[in-house]
2 protein chains.
Amino acid sequence: MNAIRGARERARAEVTAAIKDEARRQLAEEGAARLSLRAVARELGMVSSALYRYFPSRDELLTALIIDAYDAIGSAAERALATVDRERPVDRWREVCRAARQWALARPHEYALIYGSPVPGYFAPEVTIAPASRVGLALVVVVRDARAAGLLREPADTAVPRAVAEDADRFTARLGLDLPAPVTAALVAAWAELFGLIGFEVFGQFNRLVEAREEFFDHAVTRLAEAVGLTDGDRKPTEPPPVL
Amino acid sequence: MNAIRGARERARAEVTAAIKDEARRQLAEEGAARLSLRAVARELGMVSSALYRYFPSRDELLTALIIDAYDAIGSAAERALATVDRERPVDRWREVCRAARQWALARPHEYALIYGSPVPGYFAPEVTIAPASRVGLALVVVVRDARAAGLLREPADTAVPRAVAEDADRFTARLGLDLPAPVTAALVAAWAELFGLIGFEVFGQFNRLVEAREEFFDHAVTRLAEAVGLTDGDRKPTEPPPVL
DNA sequence: CACGGAAGAGAGCACTGCTCTTGCTTTGCG
DNA sequence: CGCAAAGCAAGAGCAGTGCTCTCTTCCGTG
């Protein structure tokens with residue numbers, strides 16, 4: 001009976017996926033603002049009202065695409081995490097950053113959907129916050145593993161304001177980690193800053209300014225890694241990375 | 001005759017301004033996606049077609065708002081620049097960053113318009129690039145003045161990749177400046193990273209993560225200033241800023 | 001003062017998201 | 001095996017959108 005009922009649900013899942021695929025296609029061509037339910041339905045050979053069996057509104061469709069996008073960039077970051085030995089934190093950090101950047105450059109509209117302005121009437125329903133943090137968590141893992149391997153420079157000098165330290169400790173506690181507050185603060189900042197770099201490149205703010213995009217990005221995120229306190233031990237400093 | 005012809009043009013300018021004001025109002029309430037020409041016209045007591053005497057299309061209206069927004073945040077940054085003595089580069093840097101953040105937090109939708117996803121069918125007409133760089137230029141000024149005052153730590157150690165150095169030198173040359181390439185690279189990166197911090201806060205990515213927003217921001221941008229090489233000389237390090 | 005050009009009004013086109021009602025098909029239980 | 005129920009698509013229709021075109025008004029200008 002599960003298989004039979006499954007038949008219907010599978011059909012439903014297929015149509016749902018087809019709708020999302022087509023929507024994603026139109027998204028890539030026109031951008032979120034120009035995405036039209038009717039056009040999606042038309043392309044799929046159905047009538048617009050039929051679409052509402054699958055998505056209660058256009059905004060819900062967008063939300064679904066948003067979650068998918070967060071998951072996609074998140075898993076790209078996680079895959080990158082796995083490709084580099086945990087004993088080389090700076091390289092690993094850089095590779096995670098690169099994965100995020102590559103994903104963004106390949107799908108600027110999807111990137112805009114999740115890290116640009118919230119398109120419809122402001123939502124960000126709870127469902128999105130888990131997928132939204134996956135890239136950040138990948139960065140956390142890099143730092144956590146680095147610390148375990150003794151490759152995290154402890155910033156004895158720089159203190160952080162108390163309120164910031166409290167936030168930092170609350171954050172690490174929630175994750176069951178134990179990181180110095182200055183490191184956590186730098187990590188969160190670096191996370192946001194990473195998306196500043198990516199966003200400026202994707203949205204064209206670097207036009208006629210930065211030509212050597214990839215080199216610039218690699219260099220900048222390497223410095224971010226250093227700011228967090230990562231080090232590759234006594235290996236030759238950092239700069240020349242394995243160009244992928 | 002100029003004054004007489006001015007009569008008509010002044011009327012025109014007034015209506016144009018009224019349209020932009022009303023559009024900005026609706027923008028603040030509903031967001032760019034929901035901004036409607038007809039609604040603007042309705043509110044102003046005219047018919048929608050009349051609006052086209054002033055703006056050839058909805059997108060052109062948005063472009064006008066974009067330019068205004070760039071100018072507004074730019075001049076906020078420049079004003080901040082003037083409030084701090086040029087002999088205290090770190091404070092000055094922080095104040096410029098704060099001004100940008102304050103502006104953004106007060107007008108999230110306008111901020112989204114310029115630093116979020118490009119709403120309509122991708123433009124960024126040449127006209128926008130000058131106003132768009134004003135905040136960045138304010139940061140450049142901080143660094144330039146710091147160097148003049150001998151308050152810029154020269155990063156002897158960190159080298160930058162050649163392509164990055166070339167971009168950096170081209171940039172400084174165009175501005176008639178003379179900065180070490182690593183500084184310039186760090187400066188451009190910090191500029192992008194600043195808007196990563198602001199964007200994440202405005203767009204809610206820091207929700208349930210960073211509570212002490214202001215302290216966190218101040219701390220992060222102070223570290224950015226250090227990364228660029230700014231120092232306040234032998235004054236007490238940096239942290240406690242004049243809370244504004 | 002007469003008039004030309006700018007400004008507004010209105011109708012209308014093609015489109016949008018969304019709702020509601022009407023039938024058809026599939027499904028799972030008695 | 002048959003039938004009620006549930007799932008689904010279709011179509012018409014509503015209110016709204018951006019934008020165009022035509023017609024009229026009217027005011028600043030020479």
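Side-chain atoms are counted along with the backbone in the values below, which use heavy atoms only and exclude waters and symmetry mates. Throughout, a chain's letter reflects where its sequence line sits, starting with A, and its residues are numbered from 1.
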Self-check item: Heavy-atom closest contact (B:Ala100 atom, B:Ile73 atom, distance)
Solution: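 It is O-CD1, 3.9 Å.
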Practice problem: Heavy atoms only: give me the nearest B:Arg213-B:Asn207 pair and the separation to one decimal. | Solution: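 In this case the closest contact between B:Arg213 and B:Asn207 is NH2-OD1, 3.5 Å.
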Check for a donor-acceptor pair, side chain of [X] on one end and backbone N or O of [Y] on the other, with a separation under 3.5 Å.
X        : Y        : answer
A:Trp93  : A:Val142 : no
B:Asp167 : A:Ala212 : yes
B:Ser133 : B:Gly136 : no

Quiz item: If you measure only the distance, is there a donor-acceptor pair under 3.5 Å linking the side chains of B:Ser117 and A:Ser117?
Solution: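 There is such a pair between these side chains.
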Quiz item: Taking atom types as modelled and ignoring hydrogens, do the side chains of A:Ser75 and A:Arg79 form a donor-acceptor contact shorter than 3.5 angstrom?
Solution: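 The criterion, which ignores hydrogens and geometry beyond distance, is satisfied for A:Arg79 and A:Ser75.
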OP1 or OP2 of [N] versus the side-chain N and O atoms of [X]: is any pair under 4.0 Å?
X       : N      : result
A:Arg38 : C:dC15 : no
B:Tyr54 : C:dG8  : yes
B:Ser36 : D:dG18 : yes

Quiz item: Do the side chains of A:Ser48 and A:Leu37 get nearer than 4.5 Å, heavy atoms only?
Solution: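 A side-chain contact is absent here, since even the closest heavy-atom pair is not under 4.5 Å.
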Can you tell me how far [atom2] of [N] sits from [atom1] of [X], to the nearest Å?
X       : N      : atom1 : atom2 : value
A:Leu37 : D:dT17 : CG    : P     : 18 Å
B:Glu30 : D:dG16 : CD    : C1'   : 13 Å
B:Ile19 : D:dG18 : CD1   : P     : 13 Å
A:Glu60 : C:dC18 : CD    : P     : 10 Å
A:Leu61 : C:dC18 : CG    : C1'   : 14 Å
B:Tyr52 : D:dC21 : OH    : P     : 12 Å
A:Arg34 : C:dC15 : CZ    : P     : 14 Å
A:Phe55 : D:dA9  : CZ    : P     : 13 Å

Practice problem: Applying side-chain hydrogen bond (donor to acceptor under 3.5 Å, both in side chains) between A:Gln26 and each of A:Arg24, A:Glu22, A:Glu30, A:Glu29, report the one that passes. | Solution: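 Answer to the side-chain hydrogen bond (donor to acceptor under 3.5 Å, both in side chains) test with A:Gln26 among A:Arg24, A:Glu22, A:Glu30, A:Glu29: A:Glu22.
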Compare the minimum distances between each of [options] and the side chain of [X], then state the nucleotide with the smallest one.
X       : options                : value
A:Val47 : C:dG17, D:dG11, C:dG12 : D:dG11
A:Arg42 : D:dA10, C:dG17, C:dT16 : C:dT16
A:Ser57 : D:dT17, D:dA9, C:dC18  : C:dC18

Quiz item: So what is the end-to-end bend of the helix from C:dC1-D:dG30 to C:dG30-D:dC1, with 5 pairs used at each end and the value given to 10 degrees?
Solution: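 So the angle between the two local helix axes works out to 0°.
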Can you name the atoms? Protein N/O to nucleotides 20-25 of chain C N/O, anything below 3.5 Å, with the distance.
none

Quiz item: When the nearest nucleotide of DNA chain C is assigned to A:Pro56 and to B:Met46 on a heavy-atom basis, which residue is associated with the more 5' position?
Solution: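 With A:Pro56 and B:Met46 compared, the 5'-side residue is B:Met46.
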Quiz item: Going by the angle between their ring planes, with limits at 30° and 60°, are B:Tyr115 and A:Phe200 parallel, tilted or perpendicular?
Solution: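 Correct class here is parallel.
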Quiz item: Heavy atoms under 4.0 Å, any strand shown: does A:Leu35 hit a base, just sugar-phosphate, or nothing?
Solution: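 It contacts sugar-phosphate atoms only.
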